[in-house]
Amino acid sequence: MNYEDDSTRRKVVVAEDEALIRMDIVEALNDSGYDVVGQAANGDEAVELTRDLKPDVVVMDVKMPGKDGITAATEIADIAPVVMLTAFSQRNLVEKAADAGAMAYVVKPFVPEKLLPALEVAISRFDQINALKDEVTDMKARFEARKRVDRAKGLLMENMGLTESEAFRWIQKTSMDRRLTMQEVADAVIAQVEGDR
């Protein structure tokens, strides 16, 4: 994966307390077309850099002084995908990392052939999860709008003697005439009718 210019290179924050390992990771990432925008020696620095730099992915050691990688991952998992690095492959550690929001897990000593695919998998999973969250938010908003329109239709039918289809057409026409959403018209109807009671 070689990118033409810096603007298209994926930005990475690397958090590793062992300086030599951190340098190896940074070199491997830079050589592979990534742009390492920040380096941290502990979890606190990793959280701060991630919040400030908004990287595309964070590579983080599990065991670090101060705030460990798992604790740090819980704080940044909604900002960027996290790939955990560790010398330990115990099942409970893997589960803790996953619960913390880590999208991938690589056992040290790391090799670029294992780390680079893990980064891409993490980024892809993060994007999928965010797309699903957006879809759920959109569905909730549409459901709420539909409930408001149905409520307004009921009030129009009750107070103006309209049929359901006439009430719907009235809301729809008012929406187009006044350049408002149907929910805005529905909210105005509800406020007007229930305010008059």
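Just so you know, these numbers use all the heavy atoms, side chains as well, and skip hydrogens, waters and symmetry mates.
- Applying the side chain to side chain donor-acceptor pair (under 3.5 Å) criterion to Asp177, with sequence neighbours excluded, gives Lys173.
- Ion pairing between Glu194 and Arg151 holds under the 4.0 Å rule for side-chain N and carboxylate O.
- When all heavy atoms are compared, the tightest approach of Ala72 to Gly43 is CB-O, 3.8 Å.
- The line from NZ of Lys153 to OG of Ser165 is 9.0 Å long, rounded to the nearest 0.5 Å.
- Looking at heavy atoms from C-beta onward, Val185 lies in side-chain contact with Trp170 at the 4.5 angstrom threshold.
- Using a cutoff of 4.0 Å between basic side-chain nitrogens and carboxylate oxygens, Glu144 and Lys147 are scored as salt-bridged.
- Atom CD of Glu184 sits in a crowded spot, with more than 12 heavy atoms from other residues, nucleotides or ligands closer than 6.0 Å.
- With salt bridges taken as basic N to acidic carboxylate O contacts below 4.0 Å, one links Glu16 and Lys108.
- In this structure a side-chain-to-backbone donor-acceptor pair under 3.5 Å is present from Asp68 to Thr71.
- For the atom pair CD of Gln183 and CZ of Arg142, the computed distance is 13.0 Å after rounding to the nearest 0.5 Å.
- In this structure, Arg148 and Val189 have side chains that are not in contact, with every pair of non-hydrogen atoms separated by 4.5 Å or more.
- A 6.0 Å sphere centred on CD of Glu166 holds more than 12 heavy atoms belonging to other residues, nucleotides or ligands.
- For Lys67, the salt bridge (Lys or Arg N to Asp or Glu O under 4.0 Å) test picks out Asp44, Glu75, with sequence neighbours left out.
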task = Determine, step by step, whether Val58 and Ile76 satisfy the side-chain contact (heavy atoms from CB on, under 4.5 Å) criterion, reporting the C-alpha distance in whole Å, the side-chain angles of both residues, the deciding distance to 0.1 Å, and the verdict.
result = CA-CA 9 Å; Val58 177; Ile76 60 175; 4.1 Å; yes
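- In terms of heavy atoms, Ala152 sits closest to Ile171 at CB-CD1, 3.9 Å.
- Atom CD of Gln192 sits about 13.0 Å away from atom CG of Asp187, to the nearest 0.5 Å.
- Note that the CG atom of Leu85 and the CZ atom of Arg22 stand 12.5 Å from one another [nearest 0.5 Å].
- No path of Ile, Leu, Val, Met, Phe, Trp and Tyr side chains, each step under 4.5 Å between heavy atoms, connects Val121 with Met84, placing them in separate hydrophobic clusters.
- Val193 has its side chain out of reach of Leu156: every pair of non-hydrogen atoms, C-beta onward, lies at least 4.5 Å apart.
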key: Leu119/Val59 under side-chain contact (heavy atoms from CB on, under 4.5 Å): CA gap, chis, key distance, verdict   = CA-CA 8 Å; Leu119 264 63; Val59 177; 3.7 Å; yes
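- Shortest non-hydrogen contact noted between Ala122 and Pro81 is O-CB, 3.5 Å.
- Rounding to the nearest 0.5 Å places CG of Leu132 at 11.0 Å from CG of Asp127.
- When all heavy atoms of Val106 and Lys114 are compared, the pair lying nearest together is CG2-O, 4.1 Å.
- Leu116 CG to Tyr34 OH: the interatomic distance, rounded to the nearest 0.5 Å, is 5.0 Å.
- Contact check on Lys11 versus Asp35 returns no salt bridge, with no Lys/Arg side-chain nitrogen under 4.0 Å from an Asp/Glu carboxylate oxygen.
- The hydrophobic cluster containing Ile129 also includes Met103, Phe126, under a criterion of side-chain heavy atoms closer than 4.5 Å among ILVMFWY residues, counted directly or through chains of members.
- Both Val107 and Val82 belong to a single network of hydrophobic side chains, linked directly or stepwise wherever heavy atoms of I, L, V, M, F, W or Y lie under 4.5 Å apart.
- Summarising the geometry of Ile123 relative to Asp56, their closest heavy-atom pair is CG1-O, 3.7 Å, with the distance given to 0.1 Å.
- A pairwise comparison of heavy atoms in Val62 and Thr86 identifies CG2-CB, 3.7 Å as the closest pair.
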task = In sequence, state the C-alpha distance, the side-chain angles, and the governing distance for Phe168 and Glu164, and then conclude on side-chain contact (heavy atoms from CB on, under 4.5 Å).
result = CA-CA 6 Å; Phe168 181 79; Glu164 183 177 358; 5.7 Å; no
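- For the residue pair Thr137/Asp134, the side-chain donor-acceptor check at 3.5 Å is not satisfied.
- Put simply, Met157 and Met182 are part of two different groups of oily side chains (I, L, V, M, F, W, Y) that touch within less than 4.5 Å, one to the next.
- Counting heavy atoms from C-beta on, the side chains of Ile79 and Lys54 come closer than 4.5 Å.
- Contact check for Val14 versus Val12: side-chain heavy atoms found under the 4.5 Å cut-off.
- Inter-residue side-chain proximity for Leu155 and Ile190 is flagged as met; some heavy-atom pair is nearer than 4.5 Å.
- Using a 4.5 Å cut-off on side-chain heavy atoms (C-beta onward), Leu180 and Thr174 make no contact.
- Leu29 has its side chain within reach of Leu115: a pair of non-hydrogen atoms, C-beta onward, lies under 4.5 Å apart.
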